[in-house]
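Report on the structure given below.
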There are 2 protein chains.
Amino acid sequence: MTIDFRNAAEELIQHNGGRATAGRIGILAILLAEQHAITHREIEHRLPESLPLDRVTLYRALEWLVEKNLIHKVTSDDRVWRYHANREVHAHRHAHFKCTRCAQVICLDDLPEKRNWHLPAGYRFQEIELTVKGLCADCC
Amino acid sequence: MTIDFRNAAEELIQHNGGRATAGRIGILAILLAEQHAITHREIEHRLPESLPLDRVTLYRALEWLVEKNLIHKVTSDDRVWRYHANREVHAHRHAHFKCTRCAQVICLDDLPEKRNWHLPAGYRFQEIELTVKGLCADCC
DNA sequence: ACAATAAACGCAACTTTGTTGCATTTTCCA
DNA sequence: TGGAAAATGCAACAAAGTTGCGTTTATTGT
């Protein structure tokens with residue numbers, strides 16, 4: 001199981017012209033295996049003991065993966081980035097759900113239309129960032 | 001002009017059962033005078049020399065003002081809270097606009113309908129947090 | 001007007017998240 | 001397989017925000 005994610009991760013990394021280092025593979029495999037967007041710290045805890053990775057290296061690897069569009073970052077109100085592997089669903093921009101009790105984050109599929117947003121004169125639209133907050137099934 | 005904001009601030013604070021200290025009045029007056037949501041640091045810089053306020057006191061005053069519903073906080077992707085005085089417009093929840101160049105934040109008036117968001121089974125909706133990103137008139 | 005007291009405040013120290021510079025190690029490919 | 005480029009690890013730093021605690025201040029009742 002894990003091995004499949006590792007293989008997929010390695011392939012994805014190489015197809016993007018990056019070096020398939022143990023760190024990157026491990027990180028991406030963790031994110032591929034994960035349903036929810038997770039924090040830097042959660043990734044760190046999921047790393048096997050056989051792969052001790054420096055905090056900074058983890059930050060840089062995540063940055064690289066975001067750049068290469070293999071994962072994406074989610075803003076949150078707790079000042080912590082969460083990361084999630086990109087799948088087909090994420091080809092387009094999408095909304096996120098965050099549980100107000102356990103802080104779990106998942107991806108939703110819709111985003112409101114851009115034209116609904118009448119900005120003041122002279123303002124230019126670029127993108128929408130939307131988080132729905134509530135309770136997840138476990139916390140309800 | 002400033003004096004009007006100070007008077008309004010003092011009244012608002014007293015009507016909420018809080019002590020009208022120089023700090024709170026000064027802070028709320030600044031926020032009342034401000035069009036945009038501004039950061040802790042920006043507030044600090046706007047404080048007159050006659051009112052040197054400790055960082056911590058500022059944080060605590062802001063926290064109190066949020067609790068009392070006199071101001072509200074805005075989440076942002078730069079991990080910094082921005083604060084804005086509540087006006088009639090803000091009686092209901094609303095969206096925000098953030099300029100991707102100068103980081104200025106303003107309030108918009110609409111929010112998409114809750115029912116548009118079909119969450120997974122068992123999830124409970126609470127609220128929406130939405131930021132439109134783009135360029136403001138000055139940065140276009 | 002004034003004293004008592006609860007609420008604010010200021011200071012110092014700490015935490016968390018993330019970043020930067022630089023020397024060392026590793027990957028990849030010629 | 002050996003050398004260049006890329007990735008890593010370490011140490012130090014930075015920004016935002018929090019906590020504990022002793023001191024000051026605004027309010028309230030007399």
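By convention in this document, chain letters (A, B, ...) are assigned in the order of the sequence lines, proteins followed by strands, and residues within each chain are numbered from 1. Note that the structure is a prediction, hence the values are computed from the model and not measured. Keep in mind that the numbers below use all heavy atoms, side chains included, and drop hydrogens, waters and symmetry copies.
- Under 3.5 Å, the side chain of B:Arg60 and the base of C:dG10 form at least one donor-acceptor pair of N or O atoms.
- Ion pairing between a basic and an acidic side chain is recognised when a charged N comes within 4.0 Å of a carboxylate O; A:Lys98 and A:Asp77 show such pairing.
- As a whole-Å value, the separation of B:Asp77 CG from C:dT17 C1' is 15 Å.
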Give the C-alpha distance, both sets of side-chain angles, the deciding distance and a yes or no for side chain to side chain contact (heavy atoms under 4.5 Å, CB included) between A:Thr75 and B:Thr131. CA-CA 11 Å; A:Thr75 301; B:Thr131 303; over 6 Å; no
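- Across the protein-nucleic acid pair, B:Trp64 atom CH2 and C:dA6 atom P stand 19 Å apart, rounded to whole Å.
- Expressed to the nearest 0.5 Å, how far CZ of A:Arg24 lies from CG of A:Leu65 amounts to 7.0 Å.
- Contact annotation: side chain of B:Arg19 to base of C:dA7, donor-acceptor pair present below 3.5 Å.
- Positionally, the nearest nucleotide of DNA chain D for B:His40 lies more toward the 5' end than for the other of B:Gln14 and B:His40.
- Comparing A:Gly18 and B:Arg24 against DNA chain C, the residue whose closest nucleotide sits nearer the 5' end is B:Arg24.
- Rounded to an integer number of Å, the gap from B:Tyr59 OH to C:dA8 C1' is 18 Å.
- Using a 4.0 Å heavy-atom cutoff across all strands shown, A:Val56 reaches at least one base atom of the nucleic acid.
- Between A:Arg79 atom CZ and C:dT15 atom C1' the separation is 10 Å, expressed in whole Å.
- Side-chain N or O atoms of B:His84 include one that pairs as donor or acceptor with a backbone N or O of B:Gln35 at under 3.5 Å.
- Regarding contacts with the backbone of C:dT17, a side-chain N or O of A:Arg41 is found under 4.0 angstrom from either OP1 or OP2.
- Distances shown here put every side-chain N or O of A:Thr57 at or beyond 4.0 Å from the OP1 or OP2 atom of D:dA7.
- Using a 4.0 Å heavy-atom distance criterion, B:Thr21 is classed as a sugar-phosphate-only contact.
- Atom-to-atom, CG of B:Asp54 to C1' of D:dT23 comes out at 13 Å; the value is rounded to the nearest Å.
- What separates CG of A:Asp78 from C1' of C:dT17 is a distance of 11 Å, to the nearest Å.
- Between the side chain of A:Arg55 and the base of C:dG18, at least one donor-acceptor pair of N or O atoms lies under 3.5 Å.
- For A:Leu58 and D:dC10, the CG to C1' distance is 16 Å, given to the nearest whole Å.
- Separating the CG atom of B:Leu51 from the C1' atom of D:dT25 is a distance of 14 Å, rounded to the nearest angstrom.
- Between A:His72 and A:His96, a ring centre-to-centre spacing shorter than 6.0 Å is recorded.
- Residues B:Tyr83 and B:Ala20 both approach DNA chain D. Their nearest nucleotides, taken by heavy-atom distance, put B:Tyr83 toward the 5′ side.
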